[in-house]
Number of protein chains: 2
Amino acid sequence: MNQPFSSVWTREPRPARSATLSRAQIVRAAIELLDAEGLDALSMRRLGAKLGSGATSIYWHVANKDELLELAVDEVYGRITLPGEDTAWREAVSAFAHSMRAVLLEHPWAAVLLGSRPSLGPNAVALVDGLMKVGRRAGFAGMAVDHAWSTLLAFVLGATTPEIAWRAALGSTRVSDTELMKATHSVAEDAVRDHPDLAAHYAQYKDMDVEAGRAAAFDFGLTCVLDGLQARLDRGDAPPSG
Amino acid sequence: MNQPFSSVWTREPRPARSATLSRAQIVRAAIELLDAEGLDALSMRRLGAKLGSGATSIYWHVANKDELLELAVDEVYGRITLPGEDTAWREAVSAFAHSMRAVLLEHPWAAVLLGSRPSLGPNAVALVDGLMKVGRRAGFAGMAVDHAWSTLLAFVLGATTPEIAWRAALGSTRVSDTELMKATHSVAEDAVRDHPDLAAHYAQYKDMDVEAGRAAAFDFGLTCVLDGLQARLDRGDAPPSG
DNA sequence: CGACAAAATCGAACGGTGTGCGATTCCTTT
DNA sequence: AAAGGAATCGCACACCGTTCGATTTTGTCG
């Protein structure tokens, strides 16, 4: 059985003969550490310390750090919710998108990883399965089903990632959110001198609730994507093959 | 002048009295190394070696590795093209999206970085300025201008990132693209056993051109976003404030 | 030209990383 | 009790980003 593409998911987890360390514990501890201190803070030594064991003991249960991260990411996938089959597709998709955004904002480290490698974990696969069911229910068929849900995923991921980046950049300083937003303007205005239109435009943001603004932007984009999907259904270019 | 948010762009580059090393050279060499061997392969020591100088000499021209990456990313921003003001907005946006996708596929390392930190470099700012002009020309006003272009950016980034991830995963093996795609199916089918619908669906992909399929998916999504933007213009909910 | 200061480069070193390996301990089964 | 696999551990290796002080190069002034 020569697998050219050996992934975590092709291998069974070690039997775990009720040992003091288990895959599940390790992943849980890793997620806690990641949530609390971010991606850079996760090292095998620190994780070992948190688990009260040697750093290298982890390697018995997990092949390497990458594989551990894959497991952690799939765990995050598992926390994204998708409404049941009785929900209208637009509502279902909207609820899913908001859930995914919320989960990613809660586990900021996952956003980068999620896009960085193919997602083949059980939770990810189950989620895609659910999304495809929604797509077919809406009226898509053939490849259009894939295109539909991957368009949606692309938007949510692409919209949330920079949001997280801003939070991280702001969070590394001490000041409050809006307060620092104003301070950033001096930098921005500096870089923006050659673009008066842009500068004038951003002046109107001086007194805005940043969080609310981001949520509004997300809803705007989501509405666009939904309308776009709807348009393709109406136009009938969502056929079984093409 | 207590900047809370000191970025590369607030500091002037070192005068560069025609030294043997300059910021521009360093960034150029870094990009070459990144293009050739990926993000993980870039270390200050290796970069120094490539430049024929000591590793630590670089720190005279650049504060740290993060700052170097910011410069490299902005360079990538600079290679994305946006059609001039005489182009209809739909065409302009479409051309931009395809250009951005192409550039990111050409510099895969940039995709992750691009979403990981706020983009305040001159090229990034210029690009946003241009996008906002297009947005206003289309008929958006107020915050809707921002929402429009950030929706677009979100889609392109979110769509291209997983594409790159797949390429990297496949590229790390020796086999050809479609060939390995088939081999992957055995893994997929394995993980997919509990999802017969999904498995059946993916069976139809066995004999498909992967690259072409991805391009089609991208165009599908882009059309959705464009239609969605158009819908908001028609409906008139792109007012100066709301 | 020599002198001197500033600019630029460099090597050594510090604390950290992921991980391979051999020795060691633990637990289960006979 | 003995044996043998399962699980843990410490050490070591090669590499990383970055700091710091010493060193070399370079431009300017007398």
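Letters go in sequence order (proteins before strands), and every chain restarts at 1.
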Could you tell me whether B:Arg46 and B:Glu37 make a salt bridge, using a distance below 4.0 angstrom between a side-chain N and a carboxylate O?
-> yes
Just how far, in rounded Å, is P of C:dT25 from CH2 of A:Trp60?
-> 17 Å
Residue-phosphate contact under 4.0 Å: A:Ser57 side-chain N/O, D:dC9 OP1/OP2 = yes
Length of the CZ-P vector between A:Arg23 and D:dA7, whole Å | 12 Å
Just how far is it from atom CZ of A:Arg214 to atom CH2 of A:Trp166, taken to the nearest 0.5 Å?
-> 8.0 Å
Quick one, which residues of residues 41-55 of chain B touch DNA chain C with a heavy atom under 4.0 Å?
-> B:Arg45, B:Ser53, B:Gly54
So, A:Arg167 and A:Glu211, do they make that salt bridge, N to O below 4.0 Å?
-> yes
From CG of B:Asn64 across to C1' of D:dC16 the rounded distance in Å is 14 Å
Do any N or O atoms from the side chain of A:Lys133 and from the backbone of B:Asp197 form a donor-acceptor pair under 3.5 angstrom?
-> no
Does C:dT9 have OP1 or OP2 sitting under 4.0 Å from an N or O in the side chain of B:His61?
-> yes
So CG of B:Asp40 and CH2 of B:Trp109: to nearest 0.5 Å the spacing works out to 13.5 Å
Step by step, would you call A:Thr161 with A:Leu104 a side-chain contact (heavy atoms from CB on, under 4.5 Å)?
-> CA-CA 8 Å; A:Thr161 303; A:Leu104 286 184; 6.0 Å; no
Integer-rounded Å distance: D:dG17 C1' and A:Asp40 CG = 12 Å
Test: B:Arg101 and B:Glu106 ion pair at under 4.0 Å | no
Separation of atom CD1 in B:Ile58 from atom C1' in C:dG11, rounded to whole Å = 15 Å
Whole angstrom is fine here: how far is it from OH in A:Tyr59 over to P in C:dG22?
-> 17 Å
In whole Å, what is the span from the CD atom of B:Glu67 to the C1' atom of D:dG17?
-> 14 Å
Among C:dT19, C:dA12, C:dA8, the one nearest any side-chain atom of B:Thr56 is C:dA12
Which of the following nucleotides, C:dG18, D:dG10, D:dG17, is nearest to the side chain of B:Lys65?
-> D:dG17
